[in-house]
Amino acid sequence: MPSEPVCLHCEINEVIREHIDKTKEEVNLAELVARATESLVDLILLGPEEEWGYLLAEANRQLGQVFLEKSGAAEDGTETAH
């Protein structure tokens, strides 16, 4: 029986939720967002230097689009995969 395809988005969210669950004090979401952003920058820097600008722009475009979709502010009816 073939295994289910790995959903990287779901795995990342699971790691973040586990981190939040293990944190004893109140979670500082701004700090958590900053650390996730740092990881995204590390990912962008794995690409060829000549593509960094494109990758950064694509990350910003995706961030805006997914935020609008998931917050319900997008009116065009498109949705993200999850």
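Leu55 and Gly47 make their closest contact through CD1-CA, 4.3 Å (heavy atoms, listed as atom of the first residue, atom of the second, distance).
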Enumerate, atom names and distances included, each donor-acceptor pair closer than 3.5 Å involving a side-chain atom of residues 36-43, sequence neighbours excluded.
{"from": "Thr37", "atom 1": "OG1", "to": "Val33", "atom 2": "O", "distance (Å)": "2.8"}
{"from": "Glu38", "atom 1": "OE1", "to": "Arg35", "atom 2": "NE", "distance (Å)": "3.0"}
{"from": "Glu38", "atom 1": "OE1", "to": "Arg35", "atom 2": "NH2", "distance (Å)": "3.0"}
{"from": "Ser39", "atom 1": "OG", "to": "Arg35", "atom 2": "O", "distance (Å)": "3.4"}

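Both Tyr54 and Leu46 belong to a single network of hydrophobic side chains, linked directly or stepwise wherever heavy atoms of I, L, V, M, F, W or Y lie under 4.5 Å apart. Leu45 and Ile12 are members of different hydrophobic clusters when ILVMFWY side chains are connected at heavy-atom separations under 4.5 Å.
The pair Arg61-Glu58 meets the salt-bridge criterion, with a side-chain N (NZ, NE, NH1 or NH2) lying under 4.0 Å from an Asp/Glu carboxylate O.
For CD of Glu31, the number of neighbouring non-hydrogen atoms (other residues, nucleotides, ligands) closer than 6.0 Å is greater than 12.
Rounding to the nearest 0.5 Å gives a distance of 10.5 Å between CD of Glu14 and CG of Asp21.
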When you look at Leu32 and His19, which way does the side chain to side chain contact (heavy atoms under 4.5 Å, CB included) test go after all the steps?
CA-CA 10 Å; Leu32 193 54; His19 174 78; 3.9 Å; yes
